[in-house]
Student: 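After the structure tokens below, expect a handful of questions from me.
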Number of protein chains: 2
Amino acid sequence: MTQRTRALKNEITTEMRLVAAYENMAPEDIRKGVVSGKIAIPCNANRKHVELRAVGGGTRIKVNANIGASPNDSSLEKELHKLEVAVRHGADSIMDLSLGADQMEIRHEILKRSPVMVGTVPLYQTAFELSAAGRDTDEMTADDFLKTVEKQAVEGVDFMTIHAGVTRKAVEAMEYEGRALDVVSRGGAFLVSWLRHNSGESPIFDHYDDILDILRQYDVTISLGDGMRPGTTCDATDRAQLTELLALGELTQRAWEKGVQVIVEGPGHVPLHQVAENMTLQKNLCHGAPFYVLGPLVTDRGCGNDHIVGAIGGALAGMNGADFLCYVTPAEHLRLPTVDDVENGVIASRIAAHVADLSLGRDYALQQEKEMAAARKSLDWPRQIALSFHPEKAQSYRDESAIGDTDVCTMCGEFCAIKKIAES
Amino acid sequence: MTQRTRALKNEITTEMRLVAAYENMAPEDIRKGVVSGKIAIPCNANRKHVELRAVGGGTRIKVNANIGASPNDSSLEKELHKLEVAVRHGADSIMDLSLGADQMEIRHEILKRSPVMVGTVPLYQTAFELSAAGRDTDEMTADDFLKTVEKQAVEGVDFMTIHAGVTRKAVEAMEYEGRALDVVSRGGAFLVSWLRHNSGESPIFDHYDDILDILRQYDVTISLGDGMRPGTTCDATDRAQLTELLALGELTQRAWEKGVQVIVEGPGHVPLHQVAENMTLQKNLCHGAPFYVLGPLVTDRGCGNDHIVGAIGGALAGMNGADFLCYVTPAEHLRLPTVDDVENGVIASRIAAHVADLSLGRDYALQQEKEMAAARKSLDWPRQIALSFHPEKAQSYRDESAIGDTDVCTMCGEFCAIKKIAES
């Protein structure tokens with residue numbers, strides 16, 4: 001039984017009640033959202049959850065932080081530190097994207113310790129194990145992949161990115177049209193290579209029903225991966241992306257029919273004027289399924305500052321319907337993120353999520369703005385700092401300016417506009 | 001003779017030719033833009049310019065960096081360092097907002113050394129001198145203010161923020177409606193206080209024609225200040241703001257009639273869904289005059305990270321018609337910016353300007369994206385780093401990851417998607 005199958009039977013589950021309380025919504029509205037598919041509550045039946053979250057359907061916009069080791073930079077301790085920092089700054093979920101020899105141990109520990117939902121990309125494990133066994137990833141069979149999915153489902157993974165939309169048609173569309181940067185998704189690249197070296201569809205597409213059967217058993221939410229996402233703004237909203245998105249719409253429907261909860265992943269690199277239309281396309285083609293965007297990155301030139309580029313795209317995406325923002329760190333395109341990068345990435349995405357929620361008139365966001373305005377008017381510095389997205393940083397800024405406990409700051413000093421007006 | 005009066009006489013000036021070359025536009029189109037008022041070329045006749053810039057009318061979006069000392073934190077050396085850093089990272093103009101005993105010396109040196117256009121808010125000097133002479137700023141006379149404007153015009157200031165739109169009507173609108181945070185503009189606060197302690201309109205509104213006469217003489221561009229700008233998203237797009245904006249539209253027309261070039265300043269704190277409509281309002285009410293936005297800040301909660309909040313607002317504003325972005329640094333609302341804050345502020349605004357220019361299909365921006373996509377595809381790391389907004393930071397990220405001169409990065413290592421596709 002999944003949250004979805006229970007919702008369809010008119011049951012309001014404990015999980016629905018918990019997320020309803022967090023969202024300040026009626027539990028029945030959460031149930032209806034799960035029925036329509038607009039809301040997903042990723043919560044593997046095999047895992048104990050400290051903080052449950054709903055994604056989509058008018059709930060607060062959620063933020064995901066990708067962590068995980070890479071073959072060139074692997075340390076359990078570092079990844080657990082990233083987990084702690086991401087959660088402290090408000091990540092609603094963690095994806096463990098570890099690749100390499102330590103990936104099983106790292107995932108195990110993250111699943112044990114994470115208070116928030118945990119996602120993975122099982123294809124990474126399959127690919128790594130094939131590679132470690134001296135087999136080429138182009139030799140992957142359905143069994144290889146299903147084994148990984150089952151293993152991770154049993155372990156308690158709450159949502160899994162599965163690139164079932166990387167079809168032969170999507171690859172042909174890409175090749176015929178031509179792309180400036182082909183494929184930048186790791187999962188997408190594995191599958192494109194597989195399709196180039198084999199006939200028929202990928203084992204993931206061919207055995208989609210078998211995958212759904214496993215996911216349903218443990219109530220793992222499927223996060224339909226966007227393997228063909230544009231890796232440069234030059235390729236945005238092109239035929240390959242749209243061919244995959246059309247497939248993702250059908251795969252969404254098939255998952256819902258099997259009782260599996262769905263999230264759909266989206267671009268990627270998208271210029272600002274195409275962000276809103278990308279949201280509309282996904283919502284229409286996937287019948288309102290929650291949209292999980294990777295940024296979007298509204299320029300390719302952000303390396304070193306891609307958290308800012310992602311925040312611009314994420315805010316506009318959120319205002320136009322995106323439900324779930326995958327953070328981007330300043331390290332994107334340059335290196336595996338450090339703990340500091342994770343911190344900066346989560347904060348930038350939290351800003352974007354709040355900005356979007358505010359633009360949509362969500363109560364919690366309006367209330368926080370009112371409180372900040374009141375704190376400014378009364379020159380209440382501790383309250384202003386507490387209400388900021390990064391109180392430690394804001395406090396250190398004020399401390400370094402050595403203004404002490406005066407009621408102004410070093411920007412205007414005695415010429416403070418707020419003071420002037422209050423005294424006039 | 002100003003650029004405007006010469007354009008009206010069908011003259012294409014050297015300055016028009018220079019900015020046309022930078023914009024890759026026809027000099028005649030620049031002239032036409034100056035005639036219509038959609039383009040301003042701030043360039044005081046008394047100053048030698050190294051880098052001239054046009055603002056508005058379909059030219060690239062420009063970025064301004066506010067520097068300047070405050071009574072609590074004053075050092076000529078520090079301000080000159082900020083100037084150097086801001087220009088190095090691509091600021092198109094500098095505003096010296098110094099307040100305090102050193103303000104004359106600092107402005108003098110900035111005007112001497114700045115390769116880019118320099119703006120000021122003359123009211124700050126008037127207010128400081130009154131205060132230093134033991135006079136209350138509420139006693140300011142037209143003469144006090146006109147003296148400062150003339151002095152700074154002679155010195156070579158290219159554009160001046162003048163809050164002529166802070167009228168009694170705007171203040172009454174604010175008081176009748178009520179605001180969460182009243183006035184946050186320093187200039188606005190001086191004038192509101194003046195209006196509360198005197199009868200009639202402010203000397204700046206009353207003597208607007210005299211001000212324009214001085215500005216015309218030296219070809220100082222007027223930047224019509226937004227003293228009533230909302231200081232919290234709760235107050236955005238309210239009666240006080242709109243009453244002032246209506247006045248700014250009329251003041252724009254009066255300046256154009258006198259041959260003075262005009263820029264109009266805009267909000268301020270504005271929630272994301274109101275950014276586009278604010279651009280339309282200004283463009284309509286001010287007949288297409290260049291719009292110079294302060295951020296906008298799309299949430300009040302950004303202190304410590306307001307450069308990110310400003311980049312979100314600035315990108316969307318630029319896409320919807322803003323011509324000139326005033327940077328916001330991470331120090332906003334907390335302290336006078338340090339050199340590092342200036343660097344981070346300029347880079348965030350440059351990102352926003354590029355993102356907006358790209359969304360508008362401007363050639364230079366499209367070309368840079370293409371080059372970045374090509375550099376990514378060929379795994380050309382030096383080129384990727386050179387094309388980023390902050391090459392030193394991007395380089396240090398790569399260096400710290402100790403990946404050496406391999407062709408991948410530590411994010412995916414051997415599982416690099418771009419490599420995989422190239423080899424498949």
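Naming convention: chains lettered A, B, ... in sequence-line order (proteins, then strands); numbering from 1 in each chain. This structure is a prediction, so every number in the text was calculated from the model and none was measured.
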Student: Using a 4.5 angstrom heavy-atom cutoff, name the option from His390(A), Met319(A), Arg179(A) with the most pairs to chain B.
Tutor: Met319(A)

Student: What I'd like to find out is whether the side chain of Met411(B) reaches to under 4.5 Å of the side chain of Ser70(A), using heavy atoms alone.
Tutor: no

Student: Going by heavy atoms in the side chains, are Val298(A) and Leu358(B) under 4.5 Å from each other?
Tutor: no

Student: Can you name the nearest heavy-atom pair linking Leu272(A) to Ala315(B), along with the distance?
Tutor: CD2-O, 3.6 Å

Student: Salt bridge or not between Arg301(B) and Glu369(A)? Use side-chain N to carboxylate O under 4.0 Å.
Tutor: no

Student: Do the side chain of Thr410(A) and the main chain of Leu336(B) share a donor and acceptor less than 3.5 angstrom apart?
Tutor: yes

Student: Shortest non-hydrogen contact from Ala417(B) to Ser185(A)?
Tutor: CB-O, 3.6 Å

Student: Is any side-chain heavy atom of Thr137(A) less than 4.5 Å from a side-chain heavy atom of Lys420(B)?
Tutor: yes

Student: Let's test your reading of the structure: which of Asp73(A), Val355(A), Ile308(A) forms the most heavy-atom pairs below 4.5 Å with chain B?
Tutor: Val355(A)

Student: Mind checking whether Phe415(A) and Phe190(B) have parallel, tilted or perpendicular rings, split at 30° and 60°?
Tutor: perpendicular

Student: Taking the side chain as every heavy atom from C-beta outward, state whether Arg335(A) and Ile403(B) have any atom pair closer than 4.5 Å.
Tutor: no

Student: I want to check something: taking the side chain as every heavy atom from C-beta on, are Leu181(B) and Ile418(A) in contact at a cut-off of under 4.5 Å?
Tutor: yes

Student: Could you tell me whether the side chain of Cys409(A) reaches within less than 4.5 Å of the side chain of Leu334(B), counting heavy atoms only?
Tutor: no

Student: Would you say Thr232(A) and Arg376(B) make side-chain contact, with heavy atoms under 4.5 Å?
Tutor: no

Student: Below 4.5 Å from any heavy atom of chain A, which atoms of His307(B) appear? Answer side chain, backbone, both or neither.
Tutor: side chain

Student: Can you tell if the side chain of Asp341(B) reaches within under 4.5 Å of the side chain of Tyr397(A), non-hydrogen atoms only?
Tutor: yes

